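Below is one structure, written out as structure tokens; comments come after it.
Note that this is a predicted model, so its numbers are computed, not measured.
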Amino acid sequence: MPIIILIFATLLLILWLILFYRANAEDMIDIAYAQIADKRMAVLKLQAKEKVRGAKLCAYGEGALYGKAALVLVKLFSGKGKKREIAKINKEIDSLQSGMYKHINPFLLPGYVLQREMGRIAKSGIRKTLLSKCFELYGKKSAPIKTKQLLAKMLSYPMIGISVTFIIGAMLMISGNITLGLTVIGVGSALILIVAYAIYDEQNELVKKRHASICKQFPSVVSKLALLVTSGMIMDRAWKETAYSAESVLYTEMRKTSKELDNLVSPESAFGNFINRCNTKETAKLAAAIMQNLSKGNAEIGRLLRDMAREAWQERRHSAKRDAEKANSKLMIPTMLLFLAILVMLMVPIAMNFSGI
């Protein structure tokens, strides 16, 4: 039995190494593109945090005792860490773009080779599902690159992980520790498969959080649009003013649509992309109403937006109540455990006193 396990693990490791050495320049370029996209997203997140920090500093400087002097001092001694981190990431991006692949992850190469040489993987349901989720999370341009990277992780990591786990378990069994060897094989394989599934499930969680964030921001967005349109502003201008009024997911997607309209993309395509990126019923309803207004000149768009805002705020209140009920149910178990702990702390001294008597 241990010999069979060792042979299987060795063959799996040899297969992984064969795939590793079959990687070509195309696979390395794909990995580099995916890592560049990841690093650019990291830079954007750091810049957004820096922007929020800058706004807070401005507010602090305006309200501080020494005003601008305090603001200058705070700016001098804060935020340098993020700037250094951004500079470091930009340097890595430049090296990847110049063809220096020392920063790429070599353990992903077998996964890229499998996708290139096996057409079934490209047509699989898992890839299609990942592609749709990556389209929402990373955009149309980066979605195929990110999908290929995630599939490479799900293919390559389990192969090398299971082979190493089986080899260690088989060596322990050969040395006489059969129980320990079987435990290593069982527990190690389960953990590796859980990690592989977690890579896939993480995208589901990110999409759910994104949808929840969009739904949370939607009432404020549609209220601003209704206010601006009702006051006499045209829809294109109201959309742009609203898009640049805050920093969050929905406002970012609105800015992308505004830029597409500025680049002479047709409103149908621009708002269609907005619907696909957000993928919520609220944003789809809003975009459909705006497209109808732009194409047919609906004079009642202001009233429609006000009604939509009122419904959105009502739904927001209902959602808050549901979240509060869920929080109460989740707190039930910790409350019971705390009650039992207090009960034990009270009863143990009483029981000891009775036993002493």
Is there a side-chain contact between Thr10 and Phe166 in this structure, where contact means two heavy atoms from C-beta onward sitting under 4.5 Å apart?
no
Can a donor-acceptor pair be found between the side chains of Gln149 and Asp38 at a distance below 3.5 Å?
yes
Please check if the side chain of Ser258 supplies one atom and the backbone of Met254 the other of a donor-acceptor pair under 3.5 Å.
no
Do other residues, nucleotides or ligands put more than 12 heavy atoms under 6.0 Å from the CG atom of Leu17?
yes
Does anything in residues 225-239 form a side chain to side chain donor-acceptor pair (under 3.5 Å)? List the pairs, not counting sequence neighbours.
Thr230-Arg306, Arg237-Glu241
Give the C-alpha distance, both sets of side-chain angles, the deciding distance and a yes or no for side chain to side chain contact (heavy atoms under 4.5 Å, CB included) between Lys148 and Ile31.
CA-CA 9 Å; Lys148 187 177 283 190; Ile31 294 178; over 6 Å; no
Just by distance, do the side chain of Ser156 and the backbone of Phe107 share a donor-acceptor pair under 3.5 Å?
yes
Output yes when a side-chain donor or acceptor of Asn24 lies under 3.5 Å from a complementary backbone atom of Glu26, and no otherwise.
yes
Side chains of Glu282 and Ile214, heavy atoms from C-beta outward: is any pair under 4.5 Å?
no
With a 4.5 Å limit on heavy-atom distance, are the side chains of Arg127 and Ile121 in contact?
no
Residue pair Met173 / Gly181: nearest heavy atoms and the distance that separates them
CG-CA, 3.8 Å
Can you give me the closest heavy-atom contact between Leu305 and Ala226, atom names plus distance?
CB-CB, 3.7 Å
Backbone N or O of Lys209 within a donor-acceptor pair of the Ser213 side chain at under 3.5 Å?
no
Rounded to the nearest 0.5 Å, what separates atom CZ in Phe8 from atom CG in Leu13?
11.5 Å
In short, Leu304 meets Ala289 closest at the heavy-atom pair CD2-CB, 3.5 Å
Okay, side chain of Gln203, backbone of Leu130: is any donor-acceptor separation there less than 3.5 Å?
no
Taken to the nearest 0.5 Å, the spacing of Arg210 CZ from Leu250 CG works out to 9.0 Å
May I ask you to check whether over 12 heavy atoms, not counting those of Lys39, lie within 6.0 Å of atom NZ?
yes
Exercise: identify the closest heavy-atom pair between Pro110 and Pro106
CD-O, 4.1 Å
With the threshold set at 4.0 Å, does a side-chain nitrogen-carboxylate oxygen contact exist between Lys153 and Glu202?
no
Tell me whether Arg22 at atom CZ has more than 12 heavy atoms from other residues, nucleotides or ligands lying less than 6.0 Å away.
no
Describe, in one word, how the ring planes of Phe271 and Phe274 are oriented to each other, choosing from parallel (under 30°), tilted (30 to 60°) and perpendicular (over 60°).
perpendicular
Could you state the interatomic distance from CE (Met291) to CG (Leu286), rounded to the nearest 0.5 Å?
9.5 Å
Does a donor on one side chain sit under 3.5 Å from an acceptor on the other, for Thr283 and Arg277?
no
Nearest-0.5 Å distance, CD1 of residue Ile162 to CG of residue Leu193:
5.0 Å
Whether Glu315 and Lys285 form a salt bridge (side-chain N of Lys/Arg under 4.0 Å from carboxylate O of Asp/Glu) is what I want to check.
no
What's the separation between atom CG in Leu172 and atom CD1 in Ile178, rounded to the nearest 0.5 Å?
11.0 Å
Pro144 side chain reached by Phe135 side chain, heavy atoms, under 4.5 Å
no
When you look at Arg255 and Glu247, which way does the salt bridge (charged side-chain N to carboxylate O under 4.0 Å, His left out) test go after all the steps?
CA-CA 10 Å; Arg255 285 198 289 273; Glu247 295 289 335; 3.2 Å; yes
Pair Glu136 + Lys133, salt bridge at N-O below 4.0 Å:
no
Other residues, nucleotides and ligands only: do more than 12 of their heavy atoms fall within 6.0 Å of OH on Tyr33?
no
Check this for me: Met154, atom CE, are more than 12 non-hydrogen atoms of other residues, nucleotides or ligands nearer than 6.0 Å?
yes
Looking at every heavy atom in both Ile192 and Pro158, which two are closest together, and how far apart are they?
CG2-CA, 3.6 Å
Can you find a pair of side-chain heavy atoms, one from Thr242 and one from Tyr251, that are under 4.5 Å apart?
yes
SB check Asp262 Lys259 (cutoff 4.0 Å)
no
Could you tell me whether the side chain of Ile174 reaches within less than 4.5 Å of the side chain of Leu6, counting heavy atoms only?
yes
Heavy-atom pair of closest approach, residues Ser142 and Ala37
OG-CB, 4.4 Å
